[in-house]
Amino acid sequence: GRKNHTGVTYRQLLSDRRFWLIGLAYLLVGISIQIPFTFLSTYAVQELGFPYETATRLITLIGAAGLLGKLTLGPFSDKIGRIRIMALCSIMIMVGCLGITFSHGWILFLLTFIFGIGYGACWSMYAACAADFFSKESSGTIIGLWTVYLGIGLTISPVVAGWTADITGTLHWAFIISGISGLGSVVLLLPLLKNKKTG
């Protein structure tokens with residue numbers, strides 16, 4: 001296989017099960033995160049009857065919760081492991097998205113906050129776990145390739161979610177898709193919980 005400057009072959013990388021599990025989990029996380037960012041305020045105004053000013057506060061809340069998640073869960077991953085925190089982030093994102101679909105009032109704000117904590121912490125975890133599972137010399141290449149998967153998720157999710165909203169007349173299904181994607185990322189990460197670095 002063709003080599004990059006570190007001597008790691010792309011063929012070896014692309015045949016590594018761990019590379020694909022984490023990369024596809026990242027793609028699904030991208031889907032889970034982008035849908036609420038794209039549609040949450042619209043959903044709150046059009047379907048829940050929130051004033052526009054209140055609806056925009058939901059996005060602000062995600063940002064504040066995201067900062068909290070990054071500051072707390074990030075350092076915690078040094079003690080209990082990246083994959084555990086990545087799975088926890090996906091669970092929080094999943095719970096937030098599915099909860100948003102079926103909640104109103106202050107509960108909606110609480111679930112949006114939970115979503116935000118998971119969202120804030122997950123990005124740095126995926127970057128950090130490249131060096132945990134693979135050689136430090138190849139981690140830049142791996143992070144770059146994983147980010148392509150993330151980009152695919154971020155790109156296709158608003159299109160699919162918008163299409164389902166037009167077909168069904170509600171944004172409920174968009175958030176359900178987002179929650180299912182979060183669950184999918186957890187399932188993909190589970191086989192890696194006991195995995196060790198092999199170089």
Heavy-atom distance under 4.5 Å between the side chains of Val29 and Ser181, does that happen here?
no

Can you tell me how far the CG atom of Leu171 sits from the CG atom of Asp166, to the nearest 0.5 Å?
9.0 Å

Path from Ile85 to Ile91 over hydrophobic side-chain contacts below 4.5 Å
yes

Answer whether the closest heavy-atom distance between the side chains of Cys122 and Met92 falls below 4.5 Å.
no

Working to the nearest 0.5 Å, report the span between OG1 of Thr54 and CG of Leu108.
11.0 Å

Ignoring hydrogens and angles, tell me if any N or O in the side chain of Tyr52 forms a donor-acceptor pair with the backbone of Thr42 under 3.5 Å.
no

From CA spacing to verdict: side chain to side chain contact (heavy atoms under 4.5 Å, CB included), Leu150, Leu154:
CA-CA 6 Å; Leu150 172 66; Leu154 294 173; 3.9 Å; yes

Would Ile80 and Ile117 show up in the same hydrophobic cluster when neighbours are defined by side-chain heavy atoms closer than 4.5 Å?
yes

So CE of Met125 and CG of Leu73: to nearest 0.5 Å the spacing works out to 8.0 Å

Side-chain heavy-atom pair Leu193, Leu190 within 4.5 angstrom cut-off:
yes

Just how far is it from atom CG of Leu192 to atom CG of Leu21, taken to the nearest 0.5 Å?
5.0 Å

Closest heavy-atom contact between Met94 and Gly179?
CG-O, 3.2 Å

So, do Phe109 and Ser103 sit near enough that their side-chain heavy atoms are less than 4.5 Å apart?
no

Measuring centre to centre across the rings, with the benzene-like ring taken for any Trp, is Tyr126 within less than 6.0 Å of Tyr26?
yes

Any donor-acceptor pair under 3.5 Å linking the side chain of Trp146 with the backbone of Phe19?
yes

Nearest atoms (heavy-atom pairs only) where Ile176 meets Phe102
CD1-CZ, 4.3 Å

Tell me whether Ser32 contacts the main-chain N or O of Gly182 through its side chain, where contact means a donor paired with an acceptor under 3.5 Å.
yes

Treat each ILVMFWY residue as a node, draw an edge where side-chain heavy atoms are under 4.5 Å apart, and state whether Val186 and Ile177 are in one component.
yes

Stepwise, does the side chain to side chain contact (heavy atoms under 4.5 Å, CB included) test hold for Ser178 with Trp173?
CA-CA 8 Å; Ser178 193; Trp173 287 104; over 6 Å; no

So, for Phe50 and Gly105, which heavy atoms are closest and what is the spacing to 0.1 Å?
CZ-N, 4.1 Å

Given side chains that start at C-beta, do those of Arg82 and Phe133 come closer than 4.5 Å, heavy atoms only?
no

In terms of heavy-atom contacts, Ile142 and Ala130 come closest through CG2-CB, 4.1 Å

Which heavy atom of Phe39 sits nearest to which heavy atom of Pro158, and what is that distance?
CZ-O, 3.6 Å

Value rounded to 0.5 Å, distance of CG in Leu28 from CG in Leu188
6.0 Å

Verify side chain to side chain contact (heavy atoms under 4.5 Å, CB included) between Leu40 and Phe175, making sure each step is shown before the conclusion.
CA-CA 9 Å; Leu40 181 56; Phe175 291 101; 4.2 Å; yes

When hydrophobic residues are tied together by side-chain contacts of less than 4.5 Å, even through go-betweens, does Ile143 share a cluster with Val148?
no

Less than 4.5 Å apart, any side-chain heavy atom of Thr56 and any of Thr60?
no

Do Val95 and Ile31 sit in one hydrophobic cluster, given that two such residues count as connected whenever their side-chain heavy atoms are within less than 4.5 Å of each other, even indirectly?
yes

Flag side-chain contact, heavy atom, 4.5 Å: Tyr43 against His172
yes

Quick one, Glu47 with Thr170, criterion side chain to side chain contact (heavy atoms under 4.5 Å, CB included). Give me CA distance, side-chain angles, the key distance, then yes/no.
CA-CA 8 Å; Glu47 299 193 36; Thr170 176; 2.7 Å; yes

Do Met86 and Cys129 have side chains that get closer than 4.5 Å, going by heavy atoms?
yes

Roughly how far, to the nearest 0.5 Å, is the CD1 atom of Ile35 from the CD1 atom of Ile93?
12.0 Å

Write down the atom of Leu58, the atom of Ala44, and the distance for their closest heavy-atom approach.
CD1-CB, 3.8 Å

Between Phe37 and Tyr119, is the ring centroid distance below 6.0 Å?
yes

Is it true that Phe113 and Trp106 have ring centroids separated by less than 6.0 Å?
no

